[in-house]
Asks: 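One structure, as structure tokens, below. Some questions next.
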Amino acid sequence: LKEENAILRSKINKLQILSESQADKMRKLEKKLEENKIKEEKEAQDLEAMVQHVEQNLQLMTKRAVKAENSAAKLRQENALLQVQLKNSRVENEALRAGQAGLAATKQNAEVALQHLLQVTTSSRASIRQLLSGAESLQLVADLLKSIDRISEVSEDGQ
């Protein structure tokens, strides 16, 4: 009985040591789990802040693109009006040439007006091209920001 008691006490001591060891491991794992939760929460907050920043930038770029498109439309309308005026000036110029050969001064004035209209038309076309180029640049930046968001989603899935 004494020997059996000694063996049982020895087993009990070993089990107590094993139990304490496992309890220590469990406490360490719980601590590590808590640290990981805190780390994940911080990363989620950082990611959310970045997404909000990207969304703000995207909204700003969208506003700029809309403004550029509106300006381009306005310049197109102005260009169309100038084209009509140019056509009218040419018709008037031809009429003056045919009907009133003696009015050289009027003809010269019509030519000057025609040249001004051509210059304004050329200038408005260049402005439209520039606005369209700016709109394309804004679209490129928007696409880049979208791809940054996708990259962050892919890296988050990989972790």
Side-chain angles (χ1 to χ4, degrees), residues 20-159:
E20 289 173 8
S21 167
Q22 288 177 344
D24 284 343
K25 272 187 184 179
M26 194 162 142
R27 281 190 292 274
K28 287 178 185 177
L29 288 174
E30 285 174 347
K31 183 179 177 182
K32 190 167 188 163
L33 178 65
E34 187 63 32
E35 289 172 356
N36 284 343
K37 282 183 183 178
I38 291 170
K39 183 180 176 183
E40 285 180 12
E41 286 174 5
K42 185 181 180 328
E43 288 175 356
Q45 289 172 352
D46 291 346
L47 186 59
E48 181 65 28
M50 185 175 76
V51 167
Q52 287 177 355
H53 183 68
V54 167
E55 287 175 351
Q56 289 171 351
N57 285 342
L58 192 57
Q59 288 174 352
L60 181 62
M61 281 186 256
T62 302
K63 287 179 184 178
R64 288 179 183 168
V66 167
K67 186 176 179 181
E69 288 176 12
N70 289 340
S71 294
K74 187 176 179 182
L75 286 172
R76 281 189 205 103
Q77 288 176 341
E78 184 179 335
N79 189 21
L81 177 63
L82 290 173
Q83 291 290 344
V84 169
Q85 288 176 352
L86 176 62
K87 184 178 179 181
N88 291 339
S89 293
R90 284 183 180 164
V91 169
E92 184 180 335
N93 193 14
E94 289 176 15
L96 287 174
R97 281 185 197 164
Q100 301 175 354
L103 297 175
T106 305
K107 180 181 173 185
Q108 185 177 4
N109 287 341
E111 279 296 320
V112 169
L114 176 64
Q115 293 301 319
H116 286 294
L117 285 172
L118 289 172
Q119 288 174 350
V120 169
T121 301
T122 303
S123 173
S124 68
R125 284 181 180 154
S127 295
I128 288 171
R129 284 188 202 107
Q130 189 177 19
L131 280 169
L132 289 174
S133 174
E136 289 173 2
S137 296
L138 287 172
Q139 183 63 44
L140 179 63
V141 171
D143 290 342
L144 179 63
L145 287 172
K146 287 179 184 176
S147 68
I148 287 173
D149 193 27
R150 288 186 200 120
I151 289 170
S152 69
E153 288 177 5
V154 168
S155 66
E156 183 177 290
D157 290 344
Q159 289 182 354

Asks: Evaluate the side-chain proximity of Glu34 to Glu30: yes if any heavy-atom separation is below 4.5 Å, no if none is.
Replies: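 No, side chains not in contact.
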Asks: From Glu92 CD over to Arg90 CZ, what is the distance, rounded to the nearest 0.5 angstrom?
Replies: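 Those atoms lie 13.5 Å apart.
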Asks: How far does OG1 of Thr121 sit from CD of Gln85, to the nearest 0.5 angstrom?
Replies: 9.0 Å
Asks: For the CE atom of Met61 and the CG atom of Leu144, what is their distance to the nearest 0.5 Å?
Replies: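 If I round to the nearest 0.5 Å, the distance is 8.0 Å.
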Asks: Indicate the atoms forming the closest heavy-atom contact of Ile128 with Ala72, along with that distance.
Replies: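 Taking every non-hydrogen atom into account, CG1-O, 4.3 Å.
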Asks: Is the shortest side-chain heavy-atom distance between Glu48 and Gln45 below 4.5 Å?
Replies: no
Asks: Would you give the length of the straight line joining atom CG of Asp24 to atom CZ of Arg27, rounded to the nearest 0.5 angstrom?
Replies: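 Result: 4.5 Å between the selected atoms.
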Asks: Do side-chain atoms of Ser71 reach the backbone of Lys67 as a donor and acceptor pair under 3.5 angstrom?
Replies: yes
Asks: Hey, is CD on Gln83 packed in by over 12 heavy atoms from elsewhere, all under 6.0 Å?
Replies: yes
Asks: Does a donor on one side chain sit under 3.5 Å from an acceptor on the other, for Asp143 and Gln139?
Replies: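 Asp143 vs Gln139: donor-acceptor pair found between side chains.
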Asks: Could you tell me the separation between the CG atom of Leu33 and the CE atom of Met26, rounded to the nearest 0.5 Å?
Replies: 11.0 Å
Asks: Go through the steps to decide whether Lys42 and Asp46 satisfy the test salt bridge (Lys or Arg N to Asp or Glu O under 4.0 Å), and finish with yes or no.
Replies: CA-CA 6 Å; Lys42 185 181 180 328; Asp46 291 346; 3.1 Å; yes
Asks: Specify the closest pair of heavy atoms between Leu138 and Ala65, including all atoms of both residues, with the distance to one decimal.
Replies: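 Minimum heavy-atom contact is CD1-N, 3.4 Å.
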Asks: Hey, is the main chain of Arg129 close enough, under 3.5 Å, to the side chain of Ser133 for a donor-acceptor pair?
Replies: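 No.
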Asks: Starting at NZ of Lys39, measure out to NZ of Lys32 and round the result to the nearest 0.5 Å.
Replies: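 Here the rounded value is 9.5 Å.
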